[in-house]
Amino acid sequence: MCGIVGAIAGRDVVPVLVEGLKRLEYRGYDSSGIAVLEPGTVRRVRRTGRVVEMEAVAAQKGVHGQLGIGHTRWATHGGVTEANAHPHISAGVALVHNGIIENHEQQRERLLGLGYTFESQTDTEVIAHLIHHHLRHGSADLLAALQAAVKELTGAYALAVMSADEPERLVVARMGCPLLVGLGEGENFVASDVSAILQATRRVIFLEEGDTAELTRNGVRVFGPDNAPVQRAQHLSDVSLASLELGPYRHFMQKEIHEQPRALADTIDAVINAGSFDPSLFGADAEAILAGIEGVKILACGTSFYAGSTAKYWIESIAGLPCDVEIASEYRYREAFANPKHLVVTISQSGETLDTMEALKYAKSLGHRHTLSICNVQESAIPRASELVCYTRAGAEIGVASTKAFTTQLAALFQLTVVLGKLHGKVNAEQEADYLEQLRQLPGSVQHALNLEPQIVAWAERFAGKANALFLGRGLHYPIALEGALKLKEITYIHAEAYPAGELKHGPLALVDEAMPVVVIAPNDSLLEKVKSNMQEVRARGGELFVFADQDSNFAASEGVHVIRTPRHAGVLSPIVHTIPVQLLAYHAALARGTDVDKPRNLAKSVTVE
Ligand code: G6P
């Protein structure tokens, strides 16, 4: 979490920094700040709240400079105050930091002993003082001081540092947090993510773990972990500026919900074009690896975990392989049993969620040999650490609440399932053709589900006044109930819980009365009759039912039972289609409650802390 951006140019960089910070706000939005070099001094502006507020103050104060750094914060060490906002400064050395320094307390003690004083409660301020200390005691310049300081840090960091005494350079370091350098003409940039600098350049270098770099106006030098110069490949980013703009939409979440037919079509494009589910979708060596595995272990967090939870049903029933799914932050700290013949699948939209990354490393340390990453961000840390990769093609997802990333993860996981089924003799040619046809129809079915929006708006208005909600599903649709409850709670702050419908009588039924709306995902599958019985249990206690069914479910609305039908039953892909109405319900309930849909309180999109 936290986003950083920096620039050195022959023009005023403040607009670049501010624009960059606005694009990085998904990484945290507790406070923001910039520091720029003015002759002989560093000028800083910081504010709690959103970047626009800091931007207004910077404009009012007339802050300009050709070298500068910026930061948007998600608070970890120290509250949401201006004093804790970045940049932090130590006598002319200013820096911004993404990550967590684990030994900050020892370093703080040491620096206090050396006469430094602290203005904030952050772990970051120690780094500024440490660099300043090295500049005073032997380091030849800012780069050498940064290289000496990071050797004394444990933890994770992406850093951008400037000094009033060295107006011709910006120095940066990376360990455990993403950082890339953007290459311009007579100007160079640094950022947590390419979206922040796309208005200036598409040519980027992804720094590797332990790298440091020095940026001047006319060049970039990168150094490896041993401080020796290294060459890192240049990439041309294909992220489109349009994908970062709202266009006609009111919120990114709304835009991203409506982009799902396109995002899904792009994600399944290779399979549809080839007319078959080919193992090469997951990498050149995938066939031999996937044919040799005997089971699947899925590790993920948040919404991605619910995608994995859905895939478990597919993998066991279609591919005939055992599959278990675990929350990454739990797995990484338990004494887990490892079967090296099981494929470890990590699922992550961002590719940088710390718990998922650490769970992957832990799985490898336990002896897992084969790993596969399903990810939406090219060149991010988790796919880079994985043997096989499948990129979802959702495009940039900016709303904190994940939508199109989830449904495209499901599409990728379904493709993995059928590939495994073929390689393990469980899916024959006829079944493959059937799955292909279901996949082909998926974007259209999702579009039909989006067309239900006006009916869902009417429901959402009723939800807006509620304090609690229950979501029920069974089988493949239980994870969709979980995802629906998560969406509702994260953006409306209505307390919502999901249960497998059969579990209702073991506790949650006690919560049901006239004030409790109960959302039921009830497509026409083999569990429909069971779900109907569970609904009777709710109705008998006065609970109001809001049922998402499909045309074939044969439901009638009645007193206290509201029904919306998705157009047709989508077979095994029904969970993807049924995700759309629960996303729309949460979105419109949030609109009715007036919450900040794209930036819900206390959350961030990219979670690079424990
Ligand atoms: C955060 C986001 C969620 C996301 C989760 C996992 O909590 O707000 O939307 O599902 O992280 O993120 P990942 O990038 O690993 O999928």
Side-chain angles (χ1 to χ4, degrees), residues 1-3 24-30 74 76 176-178 192-193 195 251-253 256-257 263 267 298-311 325-332 344-361 372-386 389-392 394-413 479-480 482-493 579 582-583 586-587 590 595-610:
M1 5 249 307
C2 299
L24 291 174
E25 264 191 316
Y26 74 88
R27 303 180 70 87
Y29 34 84
D30 287 333
W74 189 83
T76 56
C177 294
S192 301
D193 143 5
S195 67
H251 295 100
F252 280 104
M253 184 180 181
E256 289 156 7
I257 288 173
T267 301
I298 300 179
L299 302 169
C301 301
T303 287
S304 298
F305 171 72
Y306 296 145
S309 306
T310 312
V325 192
E326 196 160 339
I327 289 178
S329 56
E330 284 295 307
Y331 175 74
R332 63 178 283 204
V344 170
V345 176
T346 53
I347 310 170
S348 175
Q349 187 283 131
S350 62
E352 59 170 314
T353 301
L354 185 79
D355 282 324
T356 308
M357 183 68 193
E358 291 301 321
L360 172 61
K361 287 186 193 161
L372 185 153
S373 157
I374 292 179
C375 185
N376 195 39
V377 179
Q378 303 272 335
E379 291 294 328
S380 53
I382 295 172
R384 282 162 64 140
S386 303
V389 178
C390 173
Y391 285 110
T392 48
E397 190 181 68
I398 292 165
V400 164
S402 186
T403 52
K404 62 178 180 173
F406 177 67
T407 47
T408 54
Q409 285 168 349
L410 287 174
L413 286 159
I480 305 310
L482 287 163
E483 174 61 5
L486 177 65
K487 287 292 88 95
L488 192 73
K489 77 180 95 168
E490 60 185 344
I491 63 167
T492 68
Y493 319 143
T579 300
V582 295
Q583 293 171 343
Y587 174 71
T595 54
D596 190 339
V597 173
D598 285 336
K599 298 188 181 77
R601 69 185 179 201
N602 307 337
L603 301 180
K605 187 153 191 70
S606 188
V607 184
T608 55
V609 297
E610 286 201 44

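Treat the numbers as computed from the prediction; the structure is a model and nothing was measured. Indexing begins at 1, ligand by ligand and atom by atom, following the structure's order.
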Is there any N or O on [X] that sits under 3.5 Å from an N or O of ligand 1?
X      : answer
Ala604 : yes
Gln349 : yes
Gln409 : no
Glu490 : no

Quiz item: Hey, which of Thr407, Thr403, Thr579, Thr303 is the one that makes side-chain hydrogen bond (donor to acceptor under 3.5 Å, both in side chains) with Glu483?
Solution: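 Answer to the side-chain hydrogen bond (donor to acceptor under 3.5 Å, both in side chains) test with Glu483 among Thr407, Thr403, Thr579, Thr303: Thr303.
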Self-check item: Heavy-atom check, side chain of Leu603 versus side chain of Glu490, under 4.5 Å
Solution: yes
Exercise. Answer yes or no: is there a donor N or O on one side and an acceptor on the other, between the side chain of Asn376 and the main chain of Gly395, under 3.5 Å?
Key: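 Checked: pair present.
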Quiz item: Is it the side chain, the backbone, both or neither of Ala405 that has a heavy atom closer than 4.0 Å to ligand 1?
Solution: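 Neither part.
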Exercise. Give the residue, atom name and distance (to 0.1 Å) of the protein heavy atom nearest atom 6 (C) of ligand 1.
Key: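 Protein heavy atom at minimum distance: Cys301 O, 3.4 Å.
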Atoms in ligand 1 flagged as close to [X], the criterion being non-hydrogen separation under 4.0 Å:
X      : result
Ser304 : 10 (O), 13 (P), 16 (O)
Thr303 : 10 (O)
Ser402 : 9 (O)

